[in-house]
A.B. asks: 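This is the structure I have questions about; it appears just below.
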2 protein chains.
Amino acid sequence: MNVFINLDFESKEPIYTQLMHQIIEGIARQELKPGEALPSVRSLAADIGINLHTVNKAYQQLKQEGFILIHRQKGVVVNPDGIPQADEAYMELLKSKLRPLVAESICRGVNADEFIEVTTNLYRDLNKKEEI
Amino acid sequence: MNVFINLDFESKEPIYTQLMHQIIEGIARQELKPGEALPSVRSLAADIGINLHTVNKAYQQLKQEGFILIHRQKGVVVNPDGIPQADEAYMELLKSKLRPLVAESICRGVNADEFIEVTTNLYRDLNKKEEI
DNA sequence: CTAACTGTTATATTATCAATATAACAGTTA
DNA sequence: TAACTGTTATATTGATAATATAACAGTTAG
């Protein structure tokens, strides 16, 4: 029930964004499974020592992107139907985010194979289920 | 001398960041070569219709990251010694930026091969030199 | 020498966003 | 009834992005 949340308060990346990423990573790792309940905005906020609205902001955005469902007077749940699959729009978005990373890497002499190796390692790491 | 600058003023991405990316992309494409002069902060700002300080902010950051050199009373130049090659720190940074992209892609059913294909296409596109 | 150009610095203002703090509302459930 | 859900409203603080002027200190072309 309790997710492993690791926030860096010194980072310039907003807290609500970091929170989104952690939850998405949890889903990717299948530590969070479809239908599974997430902590309430208040309890999660209290747990990690931040404001309720910051958690709410992350939840609202995750909802809008199809990762979670929010039942008005019940609670928050990982989308039971699974996450909406990638469409053309997502692939374009992905490409636009990847573009500056590739450009800088080319400048710095990182060739495609090295770049792909980093990607492959991440795919491997993030596919590990909860190893008991 | 004049770079193809394409800014999206509606984007939530800061202008100075977009500007940095465009210049880095120009260097990757070898449209901007080591030693080549860049427009002055004032002329570039006037060209694309933004403030001089916004251009300066982009230049300062590009300088700090080793992409350009700034001669106090001369001008701005693409680093004649080439761009500092990737070290361990850069690879870690790259990994941390790639991580959320991979996580979301896994959730959305984009497998490693599809992800790599996008990367490969970007490497191909960004390596095209100025085709005359 | 003057005029026009370089980057740099300083100061100020406006707008937006991130994060916090309280507080209340409307349903659910134990 | 009491404790819990998400939601909404309002306000404040701090940081950042972008703009606007203005001036300074060197360089260089006419």
Side-chain angles (χ1 to χ4, degrees), chain A residues 1-3 5-23 32 35-80 100, chain B residues 1-3 5-23 32 35-80 100:
Chain A
M1 169 187 176
N2 244 349
V3 195
I5 299 293
N6 231 347
L7 298 183
D8 176 10
F9 292 92
E10 312 304 317
S11 169
K12 64 165 191 173
E13 192 188 3
I15 296 177
Y16 82 96
T17 301
Q18 293 185 45
L19 193 50
M20 288 179 62
H21 288 160
Q22 296 272 328
I23 293 174
L32 294 173
E36 186 168 344
L38 265 61
S40 74
V41 289
R42 284 181 178 82
S43 69
L44 183 52
D47 270 14
I48 55 188
I50 63 176
N51 191 274
L52 140 177
H53 291 105
T54 307
V55 176
N56 191 249
K57 192 169 181 177
Y59 276 1
Q60 287 300 329
Q61 203 148 328
L62 286 171
K63 170 190 168 193
Q64 202 197 342
E65 296 177 13
F67 289 96
I68 63 177
L69 295 186
I70 306 181
H71 301 289
R72 169 93 196 193
Q73 263 71 351
K74 287 180 181 178
V76 181
V77 163
V78 178
N79 195 332
Chain B
M1 169 186 177
N2 243 347
V3 195
I5 297 295
N6 231 347
L7 297 184
D8 176 10
F9 292 91
E10 311 304 318
S11 169
K12 63 163 190 172
E13 191 187 4
I15 296 178
Y16 82 97
T17 302
Q18 293 184 46
L19 192 50
M20 288 178 62
H21 288 161
Q22 297 271 328
I23 293 173
L32 294 173
E36 186 167 343
L38 266 61
S40 74
V41 290
R42 283 180 179 83
S43 69
L44 183 52
D47 270 14
I48 55 188
I50 62 176
N51 191 274
L52 141 175
H53 291 106
T54 307
V55 176
N56 191 249
K57 191 169 182 177
Y59 276 1
Q60 287 300 330
Q61 202 147 332
L62 285 171
K63 169 191 167 193
Q64 202 196 342
E65 297 178 11
F67 289 95
I68 63 178
L69 296 186
I70 306 182
H71 301 289
R72 168 92 196 195
Q73 263 70 351
K74 289 181 181 177
V76 182
V77 163
V78 178
N79 195 332

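Letters A, B, ... are given to chains in the order of the sequence lines, protein chains preceding strands, and every chain is numbered from 1.
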A.B. asks: Please give me the minimum heavy-atom distance between A/Leu69 and A/Pro80, naming the atom from each residue.
C.D. replies: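 Scanning both residues, the minimum pair turns out to be CD1-CD, 3.5 Å.
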A.B. asks: With distance as the sole criterion, do the side chain of A/Arg42 and the base of C/dT22 form a donor-acceptor contact below 3.5 Å?
C.D. replies: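 No pair found.
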A.B. asks: Using the closest heavy atom to pick a nucleotide of DNA chain C for each, name whichever of A/Glu13 or B/Val41 lands nearer the 5' end.
C.D. replies: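 Looking at DNA chain C, the more 5' nearest nucleotide goes with B/Val41.
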A.B. asks: Looking at B/Asn6 and B/Gln22, what are the two nearest heavy atoms and their distance?
C.D. replies: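 The answer is O-NE2, 3.1 Å.
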A.B. asks: Using OP1 and OP2 only, check whether a side-chain N or O of B/Lys57 sits under 4.0 Å from D/dA17.
C.D. replies: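 For B/Lys57, the contact criterion (side-chain N or O under 4.0 Å from OP1 or OP2 of D/dA17) is met.
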A.B. asks: I want to check something: taking the side chain as every heavy atom from C-beta on, are B/Phe67 and B/Ile23 in contact at a cut-off of under 4.5 Å?
C.D. replies: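 Not touching, per the 4.5 Å side-chain cut-off.
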A.B. asks: Would you classify B/Gln60 as touching base, sugar-phosphate or nothing, given that sugar-phosphate means primed atoms plus P, OP1 and OP2, and contacts are heavy atoms under 4.0 Å?
C.D. replies: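 Sugar-phosphate contact only - B/Gln60 comes under 4.0 Å of backbone atoms but never of a base.
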A.B. asks: Applying a 4.0 Å non-hydrogen cut-off, can you work out what A/Tyr16 is touching in the nucleic acid: base, sugar-phosphate, or nothing?
C.D. replies: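 Counting heavy atoms under 4.0 Å across all strands, the contact made by A/Tyr16 is with sugar-phosphate only.
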A.B. asks: Would you please confirm or rule out a distance under 4.0 Å between OP1 or OP2 of C/dT8 and any side-chain N or O of B/Asn56?
C.D. replies: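 Indeed, a polar side-chain atom of B/Asn56 lies that close.
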A.B. asks: Taking only the side-chain heavy atoms of B/Asn51 (C-beta and beyond), determine which of D/dA20, C/dT6, D/dT7 contains the nearest atom.
C.D. replies: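 The nucleotide sitting nearest to the side chain is D/dA20.
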A.B. asks: Only stems of 3 or more consecutive Watson-Crick or G-U pairs count here, both distances under 3.5 Å; name the ones for DNA chain D, or none.
C.D. replies: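 Result, WC/G-U stems under 3.5 Å: C:1-5 with D:26-30, C:7-30 with D:1-24.
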A.B. asks: Kindly point out which of D/dA17, C/dT8, C/dG7 is positioned nearest to the side chain of B/Lys63?
C.D. replies: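 Closest of the options to the side chain of B/Lys63: C/dT8.
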A.B. asks: Are any side-chain N or O atoms of B/Gln18 and backbone N or O atoms of B/Asp8, one a donor and one an acceptor, separated by less than 3.5 Å?
C.D. replies: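 Side chain of B/Gln18 to backbone of B/Asp8: a pair is present.
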A.B. asks: For D/dA17, does the base pair up with any side-chain atom of B/His53 as donor and acceptor (N or O, under 3.5 Å, distance only)?
C.D. replies: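 Per atom types, no contact qualifies.
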A.B. asks: Would you say the side chain of A/Ile50 lies within less than 4.5 Å of the side chain of A/Phe9, judging by non-hydrogen atoms?
C.D. replies: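 Result yes, sub-4.5 Å side-chain heavy-atom pair found.
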A.B. asks: Answer with base, sugar-phosphate or nothing: what part of the nucleic acid does A/Leu52 contact at a heavy-atom distance below 4.0 Å?
C.D. replies: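 Answer is nothing: A/Leu52 stays at 4.0 Å or more from every strand.
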A.B. asks: Might you point out which heavy atoms bring A/Ser43 and A/Pro39 nearest each other, and give the distance in Å?
C.D. replies: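 In terms of heavy atoms, the two residues are closest at OG-CB, 3.6 Å.
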A.B. asks: Of the candidate nucleotides C/dA18, D/dT19, C/dG7, which contains the atom at the shortest distance from the side chain of B/Thr54?
C.D. replies: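 Out of C/dA18, D/dT19, C/dG7, the nucleotide with an atom closest to B/Thr54's side chain is D/dT19.
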A.B. asks: Choose from C/dG7, D/dT7, C/dA19 the nucleotide whose nearest atom is closest to any side-chain atom of B/Ile70.
C.D. replies: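 Closest of the options to the side chain of B/Ile70: C/dG7.
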A.B. asks: If I compare all heavy atoms of B/Leu7 with all of B/Leu19, which pair ends up nearest, and what's the gap?
C.D. replies: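 Looking at all heavy atoms of both residues, the shortest contact is CD2-N, 4.2 Å.
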